[in-house]
Enquirer: 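First the structure, then my questions, so here it is.
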Amino acid sequence: MKKEVYKKELYNLQVELVKFQKHVIEENVAVCIILEGRDTAGKDGTIKRFTEHLSPREVRTVALGVPSDKEKRSWYFQRYVPNLPSAGEIVFFNRSWYNRAGVEKVMGFCTKKQYKDFIEEVGSFEQMLTHSKICFLKYYLDISKKEQKKRLEARKIDPLKQWKLSPIDAKAQKKWDAYSQARDEMFNQTSFVYAPWYIVHTDDKKEARINIMKHFLSLNDYPEKDKSLLLYDHDVICKFDPLCYEKGMIAP
């Protein structure tokens, strides 16, 4: 996407997001957006553009660290519950309870029983969220192996991105196939009618950000909504189904 086109579209969509947040505040809507994906797929940048011009009092980003010993002994979802949105609030989860289906499973940070329990419980947990009228959406940002390698190398030499480097990142390429398998199992078992997965191809960061915003806004009603701005590219973002593989939406 050309820079000039990106800037114009981004501005228009951020105006729409301000309209949406005003509606959220006035109508006491609770909004929860999960962003999962491979390392370097663009979660941080996407959230930054979403929240850039929103009221900071009513929007939060949740990025939890390693659980404490007490949290490890507690119900798995317990530490996420206090971070869920209240009425009139928008919350972004930069990685979420789906760590158990991705990093924890691949890196051996959870047992097979813990993983099995998670898969059996997550549907009920998310159904409770949707039944409580929380606006709940799940996005998975996918990326090609070649582009991930390029971005990982760039992080090593960029002094402004040193905080993004971690031991987990170092193993992203080596465990590519394991992450692919875990991702596919997650999609197949946790893309529910009431809480489906939306997959975003992010080799072009700008294109991905614009299309996530368009898609998100297109699914929500709010006053003075300009629908003409919200036509997203189905080759960039789609709801999970077998066709996503056929279209190359999901990196092998």
Side-chain angles (χ1 to χ4, degrees), residues 1-14 17-18 33-68 71 79-80 83 90-100 102-109 139-180 182-183 199-214 216 236-237 250-251:
M1 178 175 284
K2 292 183 179 180
K3 188 175 182 179
E4 297 76 15
V5 175
Y6 171 69
K7 284 187 173 182
K8 182 179 179 180
E9 290 215 47
L10 180 63
Y11 174 81
N12 289 334
L13 292 171
Q14 287 177 332
L17 284 167
V18 170
I33 306 165
I34 283 179
L35 271 78
E36 290 288 339
R38 293 187 187 267
D39 293 322
T40 77
K43 296 179 292 296
D44 297 327
T46 297
I47 293 172
K48 180 179 179 181
R49 272 66 181 189
F50 255 95
T51 61
E52 194 169 11
H53 297 288
L54 300 183
S55 168
R57 290 186 298 276
E58 289 86 14
V59 65
R60 286 188 288 119
T61 299
V62 178
L64 301 182
V66 177
S68 66
E71 288 172 331
R79 73 183 190 129
Y80 293 100
N83 291 288
I90 302 172
V91 171
F92 290 85
F93 277 89
N94 187 342
R95 296 197 184 278
S96 65
W97 42 90
Y98 281 100
N99 271 337
R100 178 132 294 176
V103 173
E104 290 189 22
K105 183 177 190 295
V106 172
M107 301 301 294
F109 296 156
Y139 291 100
Y140 186 92
L141 280 56
D142 212 9
I143 188 173
S144 67
K145 188 175 184 179
K146 180 179 178 182
E147 181 63 21
Q148 186 190 62
K149 182 179 180 180
K150 177 182 173 183
R151 293 183 190 178
L152 286 170
E153 291 299 321
R155 283 185 180 181
K156 294 177 182 178
I157 59 176
D158 188 341
L160 296 178
K161 294 183 178 180
Q162 295 299 300
W163 62 273
K164 291 189 174 185
L165 293 172
S166 73
I168 301 297
D169 289 342
K171 297 181 180 180
Q173 289 271 295
K174 292 179 181 178
K175 291 187 174 291
W176 179 270
D177 291 341
Y179 275 114
S180 295
R183 174 205 60 195
I199 302 162
V200 191
H201 190 64
T202 66
D203 275 15
D204 184 323
K205 287 183 180 181
K206 294 184 178 68
E207 188 176 58
R209 292 168 189 160
I210 292 299
N211 279 281
I212 294 175
M213 288 181 177
K214 288 181 177 181
F216 172 77
V236 176
I237 182 169
I250 304 175

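Starting from 1, each residue takes its place in the sequence as its number.
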Enquirer: When you measure from the side chain of Arg79 to the backbone N and O of Glu71, does any donor-acceptor pair fall under 3.5 Å?
Expert: no
Enquirer: Suppose we screen for salt bridge (Lys or Arg N to Asp or Glu O under 4.0 Å). Which residues come up paired with Glu207, at least two apart in sequence or across chains?
Expert: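 Scan of Glu207 (salt bridge (Lys or Arg N to Asp or Glu O under 4.0 Å), adjacent residues dropped) gives none.
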Enquirer: With Lys43, which residues qualify under side chain to side chain contact (heavy atoms under 4.5 Å, CB included), at least two apart?
Expert: Leu35, Asn94, Arg95, Leu141
Enquirer: Taking side chain as C-beta onward, heavy atoms only, is Leu13 less than 4.5 Å from Arg209?
Expert: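 Sidechains of Arg209 and Leu13: no contact.
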Enquirer: Mind checking what makes side-chain hydrogen bond (donor to acceptor under 3.5 Å, both in side chains) contact with Tyr80, not counting sequence neighbours?
Expert: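 Tyr80 satisfies side-chain hydrogen bond (donor to acceptor under 3.5 Å, both in side chains) with no other residue.
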Enquirer: My understanding is that only residues two or more places apart in sequence, or in another chain, count here; which of them pass ring pair (Phe, Tyr, Trp, His ring centres under 6.0 Å) with Phe216?
Expert: Phe20, Phe50
Enquirer: What is the minimum heavy-atom distance between Tyr139 and Ile212, and which atoms define it?
Expert: OH-O, 4.1 Å
Enquirer: Compare all side-chain heavy atoms of Ile199 with those of Ile237 and state whether any distance is below 4.5 angstrom.
Expert: no
Enquirer: Could you pull out every donor-acceptor pair under 3.5 Å between side chains of residues 54-64 and any protein atom, sequence neighbours left out?
Expert:
residue: Ser55; atom: OG; partner: Glu58; partner atom: OE1; Å: 2.5
residue: Arg60; atom: NE; partner: Glu89; partner atom: OE2; Å: 2.7
residue: Arg60; atom: NH1; partner: Asn83; partner atom: O; Å: 3.4
residue: Arg60; atom: NH2; partner: Asn83; partner atom: O; Å: 3.2
residue: Arg60; atom: NH2; partner: Leu84; partner atom: O; Å: 3.3
residue: Arg60; atom: NH2; partner: Glu89; partner atom: OE1; Å: 3.3

Enquirer: Could you pull out all residues at least two apart from Gln173 that satisfy side chain to side chain contact (heavy atoms under 4.5 Å, CB included)?
Expert: Lys145, Gln148, Lys149, Leu152, Trp176
Enquirer: Can you sort out the partners of Glu52 under side-chain hydrogen bond (donor to acceptor under 3.5 Å, both in side chains), two or more places apart, ordered by chain and number?
Expert: Gln14
Enquirer: Just to verify, what does Arg49 make a salt bridge (Lys or Arg N to Asp or Glu O under 4.0 Å) with, not counting sequence neighbours?
Expert: none
Enquirer: Kindly write out the residues that satisfy salt bridge (Lys or Arg N to Asp or Glu O under 4.0 Å) with Lys205, not counting sequence neighbours, or none if the list is empty.
Expert: none
Enquirer: Check salt bridge (Lys or Arg N to Asp or Glu O under 4.0 Å) between Asp142 and all other residues, then give those that pass, not counting sequence neighbours.
Expert: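 Salt bridge (Lys or Arg N to Asp or Glu O under 4.0 Å) check on Asp142 returns Arg38, Arg183.
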Enquirer: Give the intermediate values and the outcome of salt bridge (Lys or Arg N to Asp or Glu O under 4.0 Å) for residues Glu9 and Lys206.
Expert: CA-CA 10 Å; Glu9 290 215 47; Lys206 294 184 178 68; over 6 Å; no
Enquirer: Could you check whether any side-chain heavy atom of Trp97 comes within less than 4.5 Å of a side-chain heavy atom of Ile34, counting everything from C-beta outward?
Expert: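 Yes, their side chains come closer than 4.5 Å.
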Enquirer: For Lys2, give me all partners under side chain to side chain contact (heavy atoms under 4.5 Å, CB included), at least two apart in sequence or on another chain.
Expert: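 In terms of side chain to side chain contact (heavy atoms under 4.5 Å, CB included), with neighbours along the sequence ignored, Lys2 is linked to Glu4, Val5.
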Enquirer: Using side chain to side chain contact (heavy atoms under 4.5 Å, CB included) as the criterion, list what pairs up with Lys150, not counting sequence neighbours.
Expert: Glu147
